[in-house]
Number of protein chains: 2
Amino acid sequence: MNQKIFVSAKEVADRAGVSRSAVSRTFTPGASVSEETRRRVMEAAEALGYHVNHLARGLMRNESGLVCLIVSEMDTPYRSSLIRAISHQLQSVSKVAMLINTDRSDKSVDDALRLAISYRADASIILSGMPDRSITDLCMKSGQRLVLINRDEEREGALMINLHDREAARRALIAFQRAGCSRLAFANSDVGTPSLMAREEGFVEAADDAGIDVVVERFGPTRYQSGVVLAQRLLTREARPEAIFCANDLLACGVLDTARHQFKLAVPEELCVIGFDDIEQSSWSSYELTTFAQPVDLIAKEAVAWLTHPAPADGTASRIRADLIWRGSVRGG
Amino acid sequence: MNQKIFVSAKEVADRAGVSRSAVSRTFTPGASVSEETRRRVMEAAEALGYHVNHLARGLMRNESGLVCLIVSEMDTPYRSSLIRAISHQLQSVSKVAMLINTDRSDKSVDDALRLAISYRADASIILSGMPDRSITDLCMKSGQRLVLINRDEEREGALMINLHDREAARRALIAFQRAGCSRLAFANSDVGTPSLMAREEGFVEAADDAGIDVVVERFGPTRYQSGVVLAQRLLTREARPEAIFCANDLLACGVLDTARHQFKLAVPEELCVIGFDDIEQSSWSSYELTTFAQPVDLIAKEAVAWLTHPAPADGTASRIRADLIWRGSVRGG
DNA sequence: CCCGCTCTTGCAAGCGTGTGCAATGGTTTC
DNA sequence: GAAACCATTGCACACGCTTGCAAGAGCGGG
């Protein structure tokens, strides 16, 4: 019942009347094989349904072609589009994505990395959580490349890809000022992801510099439902905010919906909102959310490029600008 | 630079003062090892940072622990939540998901399956497209299990998981009738996915049976933007539909937004809408979409259960009921 | 005609595991 | 006390592949 019949290079070799090495070389780009043998091998392989065993190949080369994607809450719009972009890029360089979803705990990230090592993954890309330093050291020692996306924390020899969160936050403030808003708020989840915190801090600092007060509210996971709660908290304050910068588009959607439907506020006339990520829903006509775009394709490209191309200096940090997408949720675009 | 230093079972054995087999057995559940040796092996393994090489293990067992997920447009809400559910289930039985995204072509699905075979994946789960019969036969011969989700087409020895699309469509009709709608429409994409077509056909048949006419409109990919176009086409008809059953929640969101914002129609007073999938956005207060829920967790559970537990009869079909989630987009819930 | 060169090919040594087989030592049973 | 049994352990082979090495083939130049 569980007997799997795979055809091996030996059988192909026999059928083609060549040695096993010839078969191997036929399927190894850049190896020395004559046109004639290659043809005969391919013919036999086709007929028998032969496929190179990537496990064995990986065992020899110590390089599996697998790249581990470590991510939590991957059914979230931003995450899933990033995963899509990355796996697409990986395929274009003949690698394949191994998907591991974690809960938010760093422990589960450690486990994921261990698994990656077990599979001799060529690299791991971390989208959520932060592994223990001892594990990352182990990765380095194992020759496993590491990419940290939006983690904003240093790790020996790893590539860090981050956005200019703080700078974006400053621009959000300017946008609100231009719109004539003076009572400002920042809506955040309470998970404390580095990039989210950077947006918050950047916004608060910029406001401080401008001598403006800003109310910060934090609640729950970084999801729509938390946005609902945050809006309820913020919009029932004595001095109702005129503008809310949300750490995230999902939060922003929750805020927008609650402001409009529950509090009957007109956006952007009575309330301006800016989000972050530019998820697909932000462009839907119910939201028309002004937001900062995460350039997922660019991020994916940088990550994969670094994996394939040995890095110049081995640990590198890349910081990408997030463009502001003007839509209808802020006055005076 | 590319030299990876991995620690092998041999080194662990030396350090622990036992044979290499002992190490192997320590990491093989159910193998015969004394408590004492196990302890010493674990200690040495810990100290050296040893991890069983899954490639080598897979090579021996002809079973990699990898399961291939083949999917297109994976950044779509329904798809990504299904992927999440499946990969979660897989992890709970110590398998790991290999993610391959395809374009819509069946050719790319074939390639994906070939890759799965190359990696000696234990199984492949197909969420998009339909592979050529010759390839699926090859999979069977290679002992590779195959799960087809929402593909609604027979394949030798594969597990097919489908919903009762037709029956759901009949219930949609009943819901519209109860709401007093008589001019009905069905909004579909033009990609012709079997499950989407089944919903369309089921709806049209049910309407026929009831002696009601239904306008069918098809356009573009199965996305929000197509919903916008479909609404524009349907709502400018001489006899404006009073109810629209959408093949998909994404389409429904586009339809709803366009009906409300562009055509200033009140939902559900002037227009009733039903969708399919119950994506997260459907519950957002801008939509409050009445829709059929795809039980993604159940689907994932069935798929993975079949993978691990050798099937009773080897090719099986499972058909799952989709529950109607009543929200505000249909009158008289 | 021979030397040296290039291109191709086969041999065989691994890569890091799992596991059948036989040997060992200890324990139970009669 | 001997026989029978069991748990544990080491040996050695197999898994399917890559690749260094050496040998063979073809060929032009001297």
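Chain letters run A, B, ... following the sequence lines, proteins first, then strands; residues in each count from 1.
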Discussion item. I want to know whether A:F6 and A:Y50 have ring centres closer than 6.0 Å.
Written reply: no
Item to complete: Please name the residue in the list A:V109, A:L148, A:D152 that meets the side-chain contact (heavy atoms from CB on, under 4.5 Å) test with A:M130.
Response: A:L148
Practice prompt. Tell me which of A:L59 and B:E36 sits closer to the 5' end of DNA chain D, going by the nucleotide each one is nearest to.
Written response: B:E36
Worksheet, complete the sentence: Only one of B:I83, B:T222, B:L127, B:N150 passes side-chain contact (heavy atoms from CB on, under 4.5 Å) with B:Y78, and that residue is B:N150
Discussion item. Do A:I149 and A:I86 make a side-chain contact, defined as non-hydrogen atoms from C-beta onward lying under 4.5 Å apart?
Written reply: yes
Worksheet item: Does B:S32 make a side-chain N or O approach to OP1 or OP2 of D:dT8 shorter than 4.0 Å?
Response: yes
Discussion item. Of the options D:dG10, C:dT8, C:dG16, whose atoms approach the side-chain atoms of B:S8 most closely?
Written reply: C:dG16
Worksheet item: Under a 4.0 Å N-O cut-off, is there an ion pair linking A:R39 with A:E43?
Response: yes
Worksheet, complete the sentence: Given protein heavy atoms under 4.0 Å, the one-letter contact record of nucleotides 18-24 of chain C, with B base, S sugar-phosphate only and - none, is simply BBB----
Discussion item. Counting only side-chain nitrogens and oxygens, does B:S34 get under 4.0 Å of the OP1 or OP2 atom of D:dT9?
Written reply: yes
Worksheet item: Whole Å only: how far is the CG atom of A:D14 from the C1' atom of D:dG16?
Response: 14 Å
Worksheet item: Looking at A:R319, A:R155, A:E154, A:E153, which one forms a side-chain contact (heavy atoms from CB on, under 4.5 Å) with A:M160?
Response: A:E154
Fill in: Presence of A:T37 side-chain N/O under 4.0 Å of C:dT9 phosphate oxygens OP1/OP2
yes
